[in-house]
Amino acid sequence: MIFKSWCRCSSCIHLINLCCVCVSSSTWFPQGSYLESNRDECTVSLIYAVHLKKPGSVSFDYQYPDGNLFFEFFIQNDQCQEMDQTADKKWLKLTSHGEWATHTVNLKSGTNILYWRTAGILIGAKVVKPVLLKNVHIEGVAYASECFPCKPGTFSQTPGSSSCQPCPRDTHSGHGASSCTPCNTTTLYAPEGSAECKARPPCSKKDYFQIHTPCDLEGKTQVTYRWVEPQICLVDVAGAETLPPSGDREPCPPCNPGFYNNDTATCSPCPPGTFSDGVKACESCPAGTEPAVGYQYKWWNVLPASMKTSCFNVGNSKCDGMNGWEVAGDHIRSGAGGSDNDYLILNLHVPGFKPPTSATGGAGTEFGRISFEFEMVCSADCELYFMMDVNRKSTRVVASWEGSKVRQSYTHIMTKNASVSYTWAFQRTNQASDVRQNVNNVASIYSISVSNAVDGVSSECQTCALLSQPSGSLCVPCPPGHYIHTSQCTECPPNTHLTSHSTLGPEACKPCGPSSKSNKEHSRCYSDCVFSYSENNVSLSFDYSSLGSVGTLMNGPSFTTKGTKYYHLFNISLCGGEGRRAVCTDNVTDLSSADSQKETGEPANAVETLICQSTIIPSSGRGFHTALSSQSISLADTFLGATVALTLDGVKARPDLFPQTTNKVPDVNFFYRSLEVTSSCDKGRNVVVTLRCNPDRGTQGELTVPSQCPAGTCDGCTFHFLWESSGACPQCTSTNYHQIEGACKGGLQDTLYVWTEPKRCVGGVSLPEKKTWPCESMDFLVKMGATIGAFTAALLFSITCYFWKKNKRLEFKYSKLVMSSNKECELPGADSCAVMEGEENEGEMEDEVVYSKKTSLIRKLKAIASRGNGRSYENVQLNSSQSNGLVWG
C-alpha cells in the first residue's frame, strides 16, 4: 500500500482512514505530492490505522530541517498501548534543506495505529520550518478493500497499479485517467502533474535574468540576458517584455589569488611551491618559507572548479537543471529559479586541511577557517543558510540570516581535519509557491576564502621553522606550544597560550588572564580553582575545587507567545581544567547519527564546552512521554580570567544585578567568552559568573540568574550568573578564630579556640587543639588571704591593747601626781617633770617623763563651787623653786 498523492477534505487530511487531529487552523496541509506539517506551537498528529494479516513494515520519505519543531513517529495497538520503539526509531533525525530521508519501522500483525506528531517551540518571533512527508509505503496488508481512481494530474496505465504517476510537463489529465493529454504549447502550458492547461502569459522582467559570459580569447566579457527555462511566457503579444540588449564587451577581471593567466582565456592554478597574487606570474617561495595554501575567490567570471551550483524544490521539478547562482564579475548572486520557494544551492567541497608544516606538530584546535562576505536584499521572508557536511555524514546548519542584510562577513573555524562540503542555500520564501513573484530578492557573495585547504593554491608565502643544521633549508614542524622565531621553534613562556602560527616571534604567545594558567600545549588557558586577593594588608585565599566540576541551573519556567512552558538548563564548568567540561545534550534531534558517535566516542548531538545552555520542554501538557532537551548551544569556550574587578578584556560584570548585603568578603568574578559569533552578537557571547561567600549555603551552593533578566541575559550577548556557596568563602587563617580561657581547677587551666562568628571562611587552617596549663587555684588564694587577714587582725588587736594599757598607766601616774601635788598645796613648776625624783621605779612604771595639762576632776569641782559663791577667781598654789607667790586669775 503506497500513498503518493494528498488532497484536502473539510479541515483535515482525508485518505482512506488517514486523518489528522486538528487544533483550530493547525493541521497537516496537502501540497500535491507531499504533506506539510504545521509551523506553530500546536501539537498536531497525523494518524493512520491499518490491520496487518502478517508482520510487515512502514516506510516513508520526509524532510525535517528545523530542530525548533519536534517530530516523532510512534505506533500504538488497538488498546492504545504504545509499541516498544528505540529512540532512533521514534525521534527522527534532522535533514539538510532540500534533502529527503527515508524512515522504516517494522510492524506487528494485527491492528497498528501510526502516529506522525509535530510540536513547535517558538522562542522569539522566528517561524519554524515545517516537516514534509511523502511516499508512505506499508507492507503486510493482505488485500485492499477497494481501488481508488487516480486524481486529476496523474495517471495509471496498468489496472490495479499500486500508485499513480504525475503527468509530464505540458500535459494534463482528468479524474481516473490512464494517460495524459498534451497541451497546445503555442498558447498553453502546464506544469508537471497538472489537471488542466493554462494560458501562456506575456513575458515580463521576472522571466529573464542576466549573466556574465566567460572570458574569450581576447580577455573580454560582457553582460547578456537569458529567458528562464522552461520559457512559458509569450514575447510576440501586446505588453510583453523583450530581452534587453547585451552589454559592452569589457576586460575580464584578474585571476583569483593563487592563479595565473598564461595568455589564455582561463586562469590556471600555480604549481605547488609557488605563489601569485592573480596578476603577476607564479613565483617560488624563498628559502625559510612555505606556501600558505587555500582558496581566495574574489573575482567571479566563471564558477571555480571546486564549486558547483544547483536548484531544488521539494514540491515540483520546475527548477531542476537550472543554475542556482550566477557569476557577476565582482560577486556571485542567487539565480532566478523556477518558483519563489526554490532552494538555490551553492556548494564548495574541501577534501581536507593541511596546516602549515611548522604547525602540524601543535595541539591547537584550528585546522583551517572559512570566511565569506555577503549581502542580502529582500522584500519577503527570504533566508540564507550556511551549512556544513563533515565526512558526508549529515548536513547541519551552521548559521542563517533572514531579511535584508548589509554587506558583512562571517567566519567559521574548523576544529577537525576532515573532508567538508560547505553549502549556501538561498530561499526567497519558505511558503509553498509555484510562481516567481519576488525575483528582486537576491543574495550576493563577494568573496570566499578557505585557509589550509589540502588542494588549495597559494597567494603568499609564510615563514616556517628550519632544520638546526647550518645547511638545513627544509621546513620542520614545531612541537606543541612553540612559536617561530628566527626560523627556529621556541616554546611559549609559562602561563601563555599560542594564538596563531601566522604570527611570528614572541607576539604569537599571549599571556593568560589573571588567576589563570596555560595547559602543557599552550593551546588554551584555564583556572586551577585557586584565587588570591590582598588589600589593606589583608590577604584572602580561595579554593573553589569544592564547588564540583560542573554546576547546573534549571531556570524558569518561561512561556512562549502561545503559552508553551519551557526551561533553560545551564551547565557551568567553573574552572575548565582538563576533563572538567560542561556537556549539554539533545535527546530529540539528530538521534540516529550513531556512526559519528562510534567514531568519536562522543554523542554527536552533544555540546561540550565551558558553559552551555539547553532548552527543556516538560512532558506535561504536550503529549510527550518524556521531557525534551533541544537547542543546545555553547555560551563560552574560552576562560578569560578571575578577578574582583568589574571589567576584564571588554567584558563587564554588573553588581547591580546581584545586590550584596555585606562586603566583608569581596565577590570574585569569573569571565568567559565564546569565539563563535552570531547574527546578534558580532563579537561572540560573554559570560560572567560571580562567586559570593555565603556561610548559610552548602558546599555546592546555589546558582541564580538576575531577577531583571530571567533568561540569564539582558542583551542576548552577555550572560550573568551568581553562585552563592560556603565553598566560595576564603580559606581560614589564624585571624578567623580566638581563644577562651577556662577556670582553674585542681591546679590546671584549659584554653579553648573557637571560630569568630559569623564564620566566613572554609578549609585552610584548623582550630588548634585544647591546651592545658598549670595554675594556682582560687581555694589556695582564699585560704592564704584568710590566714594573712587573721594574722593582721590579731597583730592590730595586740598593738591596740598594748597602747590602750600603756595609756591607762600614764593616766594613773598623772592622777597620782596631781593628787600628791594637792596634798602639798603646790603644783610642780611648768618646767618640772611630772615624775619626781625617786619615783621613776615606782611600781612597774618605766616612762621617764610625762607632761600633762589636763584639769583633774577635783579641780573642776572646786571651780564650780567657787563660781557658786560669787568668787570669780581661782586660787592655785604653785610650788616652784623660782616663785612662792600667789597667782590671781
Side-chain angles (χ1 to χ4, degrees), residues 1-10 12-20 28-36 46 48-54 56-63 100 102 104 114 116 132-201 229-232 234 312-321 338-339 432-435:
M1 183 181 297
I2 301 176
F3 304 142
K4 288 190 174 181
S5 299
W6 311 90
C7 61
R8 177 177 297 276
C9 178
S10 182
C12 287
I13 309 303
H14 176 76
L15 181 56
I16 311 178
N17 50 350
L18 182 71
C19 66
C20 64
W28 287 76
F29 299 93
Q31 301 292 350
S33 61
Y34 63 93
L35 279 172
E36 181 181 292
L46 182 68
Y48 179 72
V50 61
H51 186 81
L52 302 185
K53 295 297 184 180
K54 60 180 180 178
S57 65
V58 57
S59 64
F60 54 89
D61 297 335
Y62 71 95
Q63 282 193 21
W100 287 96
T102 301
T104 303
L114 312 181
W116 292 267
L132 307 183
L133 182 67
K134 70 176 184 178
N135 296 342
V136 179
H137 179 73
I138 300 176
E139 294 183 352
V141 180
Y143 59 90
S145 58
E146 59 180 312
C147 292
F148 293 88
C150 294
K151 73 168 188 174
T154 64
F155 72 101
S156 175
Q157 294 178 335
T158 305
S161 177
S162 60
S163 62
C164 299
Q165 303 298 322
C167 287
R169 182 181 295 128
D170 291 333
T171 63
H172 69 285
S173 68
H175 187 74
S178 60
S179 62
C180 298
T181 304
C183 299
N184 182 5
T185 56
T186 303
T187 57
L188 303 174
Y189 81 100
E192 180 183 300
S194 297
E196 60 182 359
C197 296
K198 299 180 181 179
R200 291 182 178 272
E229 296 294 339
Q231 182 181 351
I232 63 173
L234 295 176
F312 176 79
N313 190 294
V314 298
N316 58 66
S317 58
K318 292 172 61 176
C319 76
D320 292 356
S339 54
S433 174
D434 290 331
V435 296

> Within this structure, what is the CH2-CG distance for the pair W28 and L132, rounded to the nearest 0.5 Å?
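Atom-to-atom, W28:CH2 and L132:CG are 8.5 Å apart.
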> What pair of heavy atoms forms the shortest contact from C167 to F155, and how long is it?
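Smallest heavy-atom distance, with atoms named: SG-CD2, 4.2 Å.
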> Run Y34 and Q63 through side chain to side chain contact (heavy atoms under 4.5 Å, CB included) and show every step you take.
CA-CA 10 Å; Y34 63 93; Q63 282 193 21; over 6 Å; no
> When rounded to the nearest 0.5 angstrom, what is the spacing between SG in C180 and CD in E192?
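The distance works out to 10.0 Å.
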> Show your working on side chain to side chain contact (heavy atoms under 4.5 Å, CB included) between H172 and C197 and close with a plain yes or no.
CA-CA 6 Å; H172 69 285; C197 296; 3.3 Å; yes
> Please check if the distance between the ring centroids of F60 and W116 is under 6.0 Å.
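When the ring centroids of F60 and W116 are compared, they turn out to be within the sub-6.0 Å range.
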> Is it true that a side-chain atom of S178 and a backbone atom of Q157 form a donor plus acceptor pair closer than 3.5 Å?
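Pair absent, no side-chain N/O of S178 close to backbone of Q157.
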> Nearest heavy-atom pair of S194 and P191: which atoms, and what distance?
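The answer is OG-O, 2.5 Å.
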> Restricting to side chain to side chain contact (heavy atoms under 4.5 Å, CB included), what partner residues turn up for T185, sequence neighbours left out?
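Listed in chain order: D170, R200.
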> Could you tell me which residues satisfy ring-ring contact (aromatic ring centres under 6.0 Å, His included) with Y189, sequence neighbours excluded, listed by chain and number?
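Applying ring-ring contact (aromatic ring centres under 6.0 Å, His included) to Y189 gives none.
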> Under a 4.5 Å cut-off applied to non-hydrogen side-chain atoms, are I138 and L114 in contact?
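Side-chain contact under 4.5 Å: yes.
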> Which residues satisfy the side-chain hydrogen bond (donor to acceptor under 3.5 Å, both in side chains) test with T102, sequence neighbours excluded?
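With neighbours one apart ignored, the set is D61.
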> When you compare the side chain of E139 with that of S57, does any pair of heavy atoms fall below 4.5 Å?
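In short, these two side chains touch, coming nearer than 4.5 Å.
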> Please find the pair of heavy atoms, one from I232 and one from P201, that lie closest to each other, and give the distance.
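Smallest heavy-atom distance, with atoms named: O-CD, 3.6 Å.
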> Where the side chain of S173 meets the backbone of T154, is there a donor-acceptor pair that is under 3.5 Å apart?
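At least one qualifying donor-acceptor pair exists.
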> What distance do H175 atom NE2 and C150 atom SG have between them, rounded to the nearest 0.5 Å?
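H175 NE2 to C150 SG: 9.0 Å, rounded to 0.5 Å.
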